[in-house]
Amino acid sequence: MAALTPIELLKSQLNLDHDLDDALLAHKLDAAEIWIGNYTGTPFVSGDAALTEAALQLASYWYEQRETASDVNMRPVPFGVRDLLDSYREQVTGYVAE
């Protein structure tokens with residue numbers, strides 16, 4: 001699957017002005033959009049500002065923290081991504097209507 005979010009937008013988010021990592025950036029965007037679809041339970045929708053922001057934040061984080069060893073505390077998902085996406089999730093309470 002090719003990412004729906006433009007790579008130029010991610011490069012702008014990261015302040016990159018070269019093409020050296022375009023394949024890696026495209027991969028990170030694709031993975032972020034798949035993660036978002038799995039998290040929300042619905043496919044990623046192109047053009048939705050909140051979903052796009054979440055994809056940019058997630059792909060940027062994964063790009064900047066791609067080393068396996070770091071002196072920085074690693075988080076699986078950057079702060080704010082889940083907040084952006086929680087309203088897209090169907091809340092399950094366990095209640096079953098009779």
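Scope of the values below: all heavy atoms of this structure, side chains included, with no hydrogens, waters or symmetry mates.
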Which distance, rounded to the nearest 0.5 Å, do you find between the CG of Leu29 and the CD1 of Ile34? 11.0 Å
Just jot down the side chain to side chain contact (heavy atoms under 4.5 Å, CB included) partners of Thr52, sequence neighbours excluded, or say none. Thr5, Leu9, Phe44, Leu56
One should read off an interatomic distance between His27 NE2 and Ile7 CD1, to the nearest 0.5 angstrom, of 12.0 Å
Contact summary for Leu51 and Val45, nearest pair of heavy atoms: CD1-N, 3.7 Å
Are Val81 and Tyr39 close enough that some pair of their side-chain heavy atoms sits under 4.5 Å apart? no
The reported gap from CZ in Arg82 to CD in Gln57 (rounded to nearest 0.5 angstrom) is 13.0 Å
Donor-acceptor pair, distance only, cut-off 3.5 Å: does the side chain of Glu33 make one with the backbone of Leu4? yes
Glu64 CD to Lys28 NZ distance, which is reported to the nearest 0.5 Å: 11.5 Å
Any heavy-atom pair between the side chains of Tyr88 and Asp48 that's under 4.5 Å? yes
Audit row: Tyr63, Leu10, side chain to side chain contact (heavy atoms under 4.5 Å, CB included) steps and yes/no: CA-CA 10 Å; Tyr63 175 79; Leu10 179 57; 6.0 Å; no
According to side chain to side chain contact (heavy atoms under 4.5 Å, CB included), who are the partners of Asp19, at least two apart in sequence or on a separate chain? Lys11, Asp22
Please find the pair of heavy atoms, one from Ala3 and one from Ala26, that lie closest to each other, and give the distance. CB-O, 4.2 Å
What pair of heavy atoms forms the shortest contact from Ala55 to Ala32, and how long is it? O-CB, 3.7 Å
What I'd like to find out is whether the side chain of Leu14 reaches to under 4.5 Å of the side chain of Leu25, using heavy atoms alone. yes
